[in-house]
Each structure stands twice: as C-alpha cells, then as structure tokens.
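These numbers were taken from a predicted model, which means no experiment stands behind them.
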Amino acid sequence: MTFTSFATRRAYARRPQRGPITRLLEDERWLAVALLLPTIVLLGLFIAYPFIKGVELSVTDAKVGVPGRFVGLQNFRQIWNDGIFHVAVWNTCVYTAVTTVFKLALGLWLALLLNNNFRGKAFTRAFILLPFIIPTVLSTLAWKWMFDPTFSVINWMLFRLGLISTRINWLGDPNLALISVMIVNVWRGVPFYAISLLAGLQTISPELNEAAAIDGARAWQRFRHVTWPLLLPVTLVIVLFSVIQTFADFQLVYVLTGGGPANATQLFATYAYQIGIGTGLLSEGATISLAVFPVLLLVVVVQLLYIRRVETY
Amino acid sequence: MARIDRRRLLKLSGAGVAAGAGGIAGILASGRAPAYAQATTLHYLRWSDFVPASDQVLKTKIAPQCEKALGIRLELEMVNANDIQARITSAIQSGSGPDIILGLNNWPQLYTDSLSDVSDVAEELGKAQGGYYDVSKAVATLRGKWIGVPWAIGGGLVAYRKSWFDEVGMNKFPETWDELREAGKKLKAQGRPIGQTAGHTFGDAPGFWYPYLWSWGGKEVEADGKTVALDSKETLESVKFAVPLWKDACDEGGLAWDDSSNNRAFLSGSISATNNGASIYLEAKRKPDTYQTEKGTPMYQDILHAPLPGGPGGQFNLPGPFTNLLMAYSKNQKPAKDFLRWVSSKDIFEQWFSSQQGYTDGATLYWEEDKVWGADPVLLPFRDLPRKGRMMGYAGPPGRASAEAQTKYIIVDMYAKAIQGTAPQDAVKWAHDELVKIYA
C-alpha cells in the first residue's frame, strides 16, 4: 500500500507542465477550430477571396490598371444585351449537357467492362486513364491536327475507306465545330467517369448480384434493380464535379478554335478571357464569369439535395 | 572583395555623372558603364520571334553589349505572343513584373494608365532617325504624349507561287479583287486554292479582312472615333463579294485556320497564295531540301510577295507595330529609359534588324535605306508595307474600342457569317450593331 502510494506520487511528479495552448486544445471546441483553421485559410485565400474580388469587379468599371468606380448592375445589363454573350450561354449549355450524357453513358459502359476479370486488367485500367493524365493543351493540339482541314488523319482515313468523297471541314463548319469540340471533351472526360464509377462498382458486394441471379434476374434486370441504385450516389457526385468542370471549360476550346468560327464554339470562359484579358475590360470579364455562378449554384443545390434524398433512402 | 580606393571611386562616380548628364553620349564618352547601373537588372519581356535568329541576336550579342555599355544586366524573357497580354494584366494588377514589355499592335492604348511617359526617349530617337511611320506613332502616343517607344513594324503581304499563277495566265499577282477571284477560280479547280483564314486568330485573320474592308471603302467609324459607320453601301458590297470569292477561289477549310495553318498549307503545296509575314519564304529558304516544288526544285525560288489586291477604296494592309512599353510600376525608370534609348540607337538596332532579313520594318523612316533590303529582292516589297498601312478602328484612332472590336473579331466574323450562309445585309447589320455597343 505504501509502495503504491509512493509510485503514484512519483508519476504525478514527472508529468510535464502543460502549457496554455495544450490546455486550450484539450477543449474540443478549440481543437476543432485549430484543426479547421488551415482549411479555412486555404479556402478563404484561394476560393472566397477571388470570388469576392470577382463580385467587386463586376459592379465597377475597372480596367487593367484602372481601379474603376461603382457602376451597380450596369455590366450585367450590358452583357444581357450582348449578342455574343447569348451565343456563349447557349453553346455552354449545349456543350455541357451533351458531353455529360455521353461521358456518363460511355464511362459507365467502360466501368462495367473493366469490372470484369480478364487478363491484363491492371494494365488496361491504367491505360484507360491516359487521356485524363496527358496535359489538356498537349492532347488538344493532337486533336487539332486530326481535325486540320488540310491534314486531317480522320478525313484521310474516311476517304481511304470510301466513306467520303470530299473532306469534312471539322472545325470550319459552325455546327461541326461545336460537335468536334464536344468529341474531344468526351474523349478526355470518359476516363474520369470510368475509373470513378469503377471504384463505385467495386464497393457493391458481388453477393447481391449473385443472389439476384439465383432468383432468375437477367443481366439487365440485375443492373437495373441491383447495381444502378447502389451506384447512383457515386454517379451523382461524379456528374456534379463533371458539370462544374465542363461548364467552366477553357483550354480545350481556346486551343482548338479560339471560340470561332464566328463564335460557333464560344463558351463562357473563352469569352470572359477574350474580354477581360484581350481587351483589358476586367469588370466585364468578371461579370461574364460570374454569370455562370447562379446556374452552377442551382445545379449543385439540386444535385446535393437529390444525393441526400438517395442516401436517406 | 575588390578594394576601391579614393581615386577609383572618383573615376567611377565621374562616369555615373557623365551618364546622367549626357545620356548615351556621356556613357560612350566615358567608355564606362554608369555607376548606378552596376547592379541593375532589367527584365524585358518579348514575344518569341517568328525569326528565331533574332531572339538569338538579342540573347547572345545585344544582352552582353548592354551589360558592357550600360552596366545593365538584361534578363530577357520570350513567350508566345498569345500569352503576353495575360502577363501584362497580372503584372499591372499586382504592380510587379517585367520592367519593359514589347507590346504588339495597339496594345499600348489598352494600358495607357499603367505606362510611363517616354516622350523624351521617343522624340530623341525619332528626330535622329528621320521620324516615325504614322502607324507607329498612332499606337504609341496618347494626346501628344509618348506611352511607348516604337520598336519595329511587322505585317503581311501575299506570298504566292509564281509558276502556278503563270500557268493560269497571271504573270504577276492580281491587283484587283476581280482578278484574284478569276485567277483563284482556275487555281482552285487545279487543287491549288488561295488560302486565307476567317477564324478566330489574332494575326492573319484581321490582317486580311480589315484591309479587304478598307479597299472597298468601308470603315468602322468616322474620324471622330465615335460614330459607327460600318453599315454602308461599300461594306455591303465587300461582304457580297467575299462570299463568291471564298467559294470560288479560297480553301474553305480556312474558317478554322490559326496563324500557323496557312504556313503549313503553303509549305506543303496545298495552297497557291496566302497573306502572311515573310516567315513562309524565310522558312522555305532555310530548308531548301525539305520544302520543294512538285518539280523537285527548292520552293523558295518559286515564291514571290505582293500587296493585297485593291478595290474602289484603295489598296491597304494592316501593319503590326511593335512598341516597347516601360511599365509605370518599374523601379528602374532611369536605367530602363537609358536602355530603350540605347537599344533603338542605330548601331545596336542594326544588329537585330539585319537578323530579321526583312520580316519587319523599322519604326522610323531611316531603316528604309538599310542594306537589308538589298540582300534579297523577294523580301523587298516588305519595305514599303508601313506606308500603305492603316490601323484597326479606322477612320478613328486605334484606341481601346477598336481593340475590343478586334478582340471580339467583329469584322472577321462579319465576313465569316456571310461565308457560312448569313445574308450579307444581316451580317453587316449584326457587325454594325455590335460596334455601336462597343463604341457607345
């Protein structure tokens, strides 16, 4: 008894002195603040500040090197009456909607294929990611060559196969130009969908499908009633990310067409760049960029609500 | 560390005073770099030249001479022309970046509030070199004040295959649009169309379509620089003619071309003529074994240059003035001015100018007499390019609104729309309305 008391006393005597910070962090509320602080600072610096600065610019008449004065909603009225802006809005919506559908369909198809066991599975999975890994500008330049009106390898191939007699003006024809740009976007985006959906597929227990098969469900029925409902939350998150990225796409169009011909491929981002950087009208450029915000906010809110509902069920 | 005694210090200070008082003359007289400049580094941002040899001259010859003569270490940075405006914007907004930036076209007019007054340097150089061309002066001045020091003038002429035009009965390049259409029709039938871009690309597209508009008598605005005057009989005629010209004579893939597409098409023998800088010819001449005619002879021997055809309004081109911009945020104002004065002085500029081989003209009349024009008669037509030049925004000054119109490709797209099937009057009306919004 005496010995125990002695040992306890010694242990207490050795306990180091706790500083004020340590004592503060023992309180969970302060610990939470401390742990969140780096994230808050990063988000504030790289997301909140540029956003607030963008809002501030959009209500002034600032130009490069000229701070500008408050003009209220004048810039918004101006772009509302801007014909090229209308074209850019339409193009961006079509571009995002069409490419998202194709990326999802092809990505899902690819993910289902890759989810099977076959020889060289690991290599194929890594290989599939290539379009996503290669820097966009680099791969887009390669596509530019393939769409080149004079040297197009696609035209050459179609001509050799006897499918065309005159060359196809991929980037010169206004309708084809937007389609061509969308093809490149789909090519680049499918791997992201495929790999993300594959990850989602692998979390689904094979037993569920096996049980359904024993009950007599055919492949399509198993997909429709077992796989798809379980994959839906992951799919919605992927679509959400993809829509945001596609809506703000810049590099691809900038390299392929510069928004031409005659604005046939002009998107929000390319037009904002043209006005903000090319003409030095920072306020108008910021206004065009901000015009994307309500649309994206709506998409995000609707999708997040839907995801919550799906997850609750 | 080297010891500096009193006598040596006095000598060095003397050189500094001489430089301060006498500018370049003082520096040269003292034979020593000014004392202030011993530790000065100037950051000079330029485009990557279409004549790579000129960038080499700057790096390997002019930069070392600069350090020797002025004591200024020149930090040269060459980037793609398309990226310079993004760099200028970030530099101005953050208040730090290159001390001097080589501006293209009418860019000086976009950044007027952020550029230093360099009137003393520009006036001095202009006086010593026979005066500036109008286009250089127009982009580099604001209400009589120089906001940049003109450096050189680029621009395009039509590079064409002499033998192919001979074959269709044209022993010289067409001088009117009708002649061009007729010749182009025959050439296109042989699979040798005229190649011209109508896409969104900063150099070749405006370089062709602005002069085309002017040659018909069309103009963006009146001389007041405010009243939009595009919707006119002359403009409509030009658009009406552009449609059959395109269909009959031009490579229809041109709607998607960028600034390098026509170079590739010409050098591969796919087109018979294109409006361009001298780079096609210079490249063909540099690689005679690579670029050959169908007969196996070097292609450069079959290339000639001619001005764009003329019309009822005259015959024009759109030059591309280059202007050195001293940024107002730079902490090296004095050394930067000394450098600008020095680098555009006859002896130094001559080294760079020779390496261009005729790709650019000087900004002053003095360089019309330079020996470079005697070196290759094929490049001689480029010498007269600035005299027939007009800047975008004609008949007004090449200010911010004209830059916006160009950046939005209003004039180019007016023709592109018509080529794609929009009724000419609708295309003109669309472009006019867009200009009204810009110039409002």
Side-chain angles (χ1 to χ4, degrees), chain A residues 53 57 62-68 78-79 81-85 87 137 141 144-145 147-152 155 166-177 180-181 253-266 270-271 273-282 284-285, chain B residues 82 85-86 88-90 92-93 95 107 109-115 195 197-202 205 251-258 261 264-265 268 270-271 327-329 400-401 403-410 412-422 427 430 433-434 437-438 440:
Chain A
K53 191 76 189 161
L57 277 172
K63 299 176 180 76
V64 176
V66 184
Q78 197 154 331
I79 62 165
N81 295 318
D82 181 350
I84 302 175
F85 177 72
V87 173
V137 173
L141 277 172
K144 193 172 182 173
W145 266 95
F147 285 139
D148 189 286
T150 315
F151 306 104
S152 169
N155 281 354
T166 56
R167 62 185 177 176
I168 301 171
N169 198 357
W170 294 102
L171 297 173
D173 180 276
N175 296 318
L176 267 181
S180 306
V181 169
V253 171
Y254 185 70
V255 173
L256 275 181
T257 61
N263 297 310
T265 56
Q266 195 72 271
T270 49
Y271 193 46
Y273 181 85
Q274 219 174 66
I275 299 299
I277 303 297
T279 318
L281 298 171
L282 289 179
E284 269 187 57
Chain B
N82 281 318
Q85 277 195 290
I88 297 177
T89 303
S90 62
I92 291 174
Q93 290 303 109
W107 293 357
Q109 300 296 322
L110 296 181
Y111 312 114
T112 51
D113 292 304
S114 308
L115 304 175
T197 177
H200 281 197
T201 188
F202 82 97
D251 185 324
E252 292 174 56
L255 278 162
W257 280 3
D258 63 20
S261 303
R264 285 197 298 270
S268 69
S270 307
I271 55 173
M327 308 310 288
Y329 59 70
R400 185 185 291 275
E404 185 179 346
Q406 194 206 336
T407 311
K408 286 184 172 175
Y409 294 99
I410 305 295
V412 175
D413 283 353
M414 173 175 74
Y415 293 107
K417 274 174 178 279
I419 288 165
Q420 288 170 359
T422 304
W430 169 82
D433 291 347
E434 288 298 324
K437 284 179 216 158
I438 291 169

Within the side chain of A:Lys63, is there an N or O that forms a donor-acceptor pair under 3.5 Å with the backbone of B:Asp113? no
Closest non-hydrogen atom pair between [X] and [Y], with its separation:
X: B:Gln93; Y: A:Gly65; value: OE1-N, 2.9 Å
X: B:Gly253; Y: A:Arg167; value: N-NH2, 4.0 Å
X: B:Lys417; Y: A:Ala262; value: CG-CB, 3.9 Å
X: A:Phe151; Y: B:Ser268; value: CZ-OG, 3.3 Å
X: B:Tyr111; Y: A:Ile277; value: OH-O, 4.1 Å

Could you look at [X] and say if it's the side chain, the backbone, both or neither that has a heavy atom under 4.5 Å from chain B?
X: A:Asp82; answer: both
X: A:Lys144; answer: side chain
X: A:Phe147; answer: neither

Engaged part of [X] at the chain A interface, taking heavy atoms whose separation is under 4.5 Å:
X: B:Glu434; result: side chain
X: B:Ile419; result: neither
X: B:Thr112; result: neither
X: B:Asn82; result: both
X: B:Thr89; result: both
X: B:Leu255; result: both
X: B:Trp257; result: side chain

Report yes if some heavy atom in the side chain of [X] is under 4.5 Å from a heavy atom in the side chain of [Y]; otherwise report no.
X: B:Lys408; Y: A:Ile275; value: yes
X: B:Arg264; Y: A:Asp148; value: yes
X: B:Thr407; Y: A:Tyr273; value: no
X: A:Leu281; Y: B:Arg400; value: yes

At what distance, to the nearest 0.5 angstrom, does NE2 of B:His200 lie from CG of A:Leu256?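 Between B:His200 NE2 and A:Leu256 CG, I get 14.0 Å after rounding to 0.5 Å.
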Show your working on side-chain contact (heavy atoms from CB on, under 4.5 Å) between B:Asp413 and A:Asn263 and close with a plain yes or no. CA-CA 8 Å; B:Asp413 283 353; A:Asn263 297 310; 3.3 Å; yes
Sort out for me which of A:Asn81, A:Ile84, A:Thr257, A:Val66 touches chain B most, counting heavy-atom pairs under 4.5 Å.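 The answer is A:Ile84.
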